[in-house]
Amino acid sequence: MKSETYEIPRNLIPDRQRSRRLRRTESLRELVRETRLSTSSLIYPIFVDARITAREEIVSMPGISRLSLSDLSEEAKEISALNIPAVLIFGLPQHKDPKGTEAYAHNGIVQNAVRMIKKAVPQLTVVTDVCMCEYTDHGHCGIVSNQTVVNDVTLELLSKTAVSHAEAGADIVAPSAMMDGQVKAIRTALDEKGLTEIAIMSYSAKYASSFYGPFREAAESAPLWGDRRGYQMDPPNRRDAMREIAEDIKEGADIVMVKPALSYLDVIRDARATFRTPLAAYNVSGEYSMVKAAEQRGWIDGKRVALEILTSIKRAGADIIITYFAKELARSLKETRL
Ligand code: PBG
């Protein structure tokens with residue numbers, strides 16, 4: 001019996017171009033890799049809680065804890081030893097009140113945390129989140145009157161907060177309240193105090209996203225009533241993001257940000273193509289927790305999925321990635337490749 005031969009029609013054989021040539025070995029793939037992840041572009045967010053004396057796991061964010069002040073110097077040393085260049089600090093105060101007083105207190109939790117970290121590891125870049133929602137009893141990002149957040153009164157308190165962080169030693173302040181004119185107000189306040197060297201990383205295109213869920217549990221910052229859609233951006237809008245970013249650059253932002261990252265890669269891409277200012281992307285809590293949850297069920301290889309996600313954010317055009325995966329990534333970049 002004649003065995004069947006499978007004849008490939010001549011016109012289907014690629015003649016010169018064979019893409020697989022450069023995919024054959026890991027070192028060939030490495031040579032032609034277009035996007036490279038490195039720990040040097042990461043910022044690691046940390047939560048510091050004024051009410052606790054030892055670290056406490058955040059249930060909805062496996063691997064992430066709320067830290068006490070006394071944990072900070074060890075934590076800062078660990079982060080620095082992993083070659084992660086920067087941290088972003090969020091604070092949970094002793095008390096909340098309608099005006100978020102502890103946000104701008106000289107001895108507030110973030111101010112104390114900045115001093116501790118700078119003392120332990122002076123070369124670690126310290127970024128502080130400048131917002132009111134962790135400090136107000138109603139959980140909104142500014143001063144509330146008649147069930148709305150009042151923009152211009154809030155600007156004053158955000159400026160006071162930013163100045164107090166800078167005076168404590170922060171290198172970069174990061175306003176995230178989505179109040180109009182917040183960058184200009186903060187730049188003016190810093191300059192008036194002679195804090196001209198302190199940079200502003202603005203949460204410029206910050207969407208009203210459900211991906212912040214686990215963070216709000218971690219930072220106890222969920223609004224008591226209503227939502228943030230009256231000041232954060234509407235998720236379907238892309239042109240609006242370019243307008244927000246342009247506005248912030250005009251007001252004096254040194255770094256602009258798109259947040260969240262994964263569902264907004266198109267916005268990151270647009271921002272990269274439109275502006276020259278360094279661009280950050282925030283890989284937020286929900287994006288982290290989804291990977292962790294699926295990994296715990298054995299449904300995905302969490303480490304590789306995280307690498308792929310962070311690579312996609314970089315490929316879309318982000319210079320800086322703020323991510324809860326930072327420590328893990330720093331460890332695994334040494335051993336794993338995509
Ligand atoms: C507001 C702030 C939020 C996050 C960072 N800064 C929450 C919000 O706007 O409700 C979310 C970060 C995350 O989900 O990881 N201060």
Side-chain angles (χ1 to χ4, degrees), residues 42-49 58-66 87-93 96 100 102-104 108-110 127-144 149 154 157-158 161-162 165 172-179 182 186 200-235 244 255-264 280-293 306 309-310 313 320-327:
L42 303 180
I43 300 181
Y44 186 60
I46 53 181
F47 300 96
V48 191
D49 191 334
I58 300 164
V59 178
S60 59
M61 300 176 73
I64 307 293
S65 299
R66 274 195 286 257
V87 290
L88 170 60
I89 304 178
F90 294 96
L92 286 87
K96 300 175 188 255
E102 285 191 39
Y104 38 90
I109 182 64
V110 170
V127 190
T128 57
D129 185 80
V130 176
C131 194
M132 310 290 300
C133 62
E134 293 101 342
Y135 305 89
T136 52
D137 51 7
H138 45 69
H140 278 286
C141 301
I143 295 301
V144 166
V149 178
T154 302
L157 300 183
L158 292 173
T161 304
H165 292 174
I172 304 178
V173 291
S176 68
M178 288 302 279
M179 294 300 121
Q182 61 184 9
I186 289 171
I200 298 176
M201 174 169 76
S202 180
Y203 287 71
S204 306
K206 178 177 177 178
Y207 287 88
S209 169
S210 300
F211 285 97
Y212 307 150
F215 173 95
R216 291 182 188 170
E217 185 203 311
E220 294 175 12
S221 65
L224 221 51
W225 44 263
D227 53 43
R228 306 206 201 291
R229 283 185 258 192
Y231 41 102
Q232 298 182 346
M233 286 184 57
D234 200 21
E244 282 278 11
I255 301 170
V256 292
M257 192 201 300
V258 174
K259 178 189 172 190
L262 203 45
S263 291
Y264 300 86
Y282 201 141
N283 175 223
V284 301
S285 57
E287 300 173 47
Y288 174 82
S289 299
M290 288 194 305
V291 174
K292 288 288 165 190
I309 287 175
L310 296 169
I313 297 169
I320 298 167
I321 306 175
I322 303 159
T323 181
Y324 304 97
F325 288 116
K327 284 209 264 180

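Read the numbers this way: they start at 1 and go in the same order the structure lists the ligands and their atoms. Here, residue 1 is the first one in the sequence, and each next residue gets the next number.
- Within the 3.5 Å criterion, the main-chain N or O of Pro214 finds no donor-acceptor partner in the side chain of Glu217.
- The closest side-chain heavy-atom distance from Val144 to Thr136 is not below 4.5 Å.
- Ring geometry for His140 versus Tyr231: interplanar angle over 60°, hence perpendicular rather than tilted (30 to 60°).
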Could you list, one pair per line, each nitrogen or oxygen of ligand 1 together with any protein nitrogen or oxygen closer than 3.5 Å, giving atom names and the distance rounded to 0.1 Å?
from     : atom 1 : to     : atom 2 : distance (Å)
ligand 1 : 6 (N)  : Lys259 : NZ     : 3.3
ligand 1 : 9 (O)  : Lys206 : NZ     : 2.8
ligand 1 : 9 (O)  : Gln232 : NE2    : 2.8
ligand 1 : 10 (O) : Arg216 : NE     : 2.6
ligand 1 : 10 (O) : Arg216 : NH2    : 2.7
ligand 1 : 10 (O) : Arg228 : NE     : 2.9
ligand 1 : 10 (O) : Arg228 : NH2    : 3.4
ligand 1 : 14 (O) : Ser285 : N      : 3.3
ligand 1 : 14 (O) : Ser285 : OG     : 2.7
ligand 1 : 15 (O) : Ser285 : N      : 2.8
ligand 1 : 15 (O) : Tyr324 : OH     : 2.6
ligand 1 : 16 (N) : Asp129 : OD2    : 3.3
ligand 1 : 16 (N) : Ser176 : OG     : 3.2

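- Under a 3.5 Å cut-off, the side chain of Lys206 and the backbone N or O of Met233 do not form any donor-acceptor pair.
- Taking the six-membered ring where the residue is Trp, Phe90 and Phe215 present perpendicular rings, their angle passing 60° and hence far from 30°.
- A donor-acceptor pair is defined here as one N or O able to donate and one able to accept, closer than 3.5 Å; such a pair exists between the side chain of Ser289 and the backbone of Ser60.
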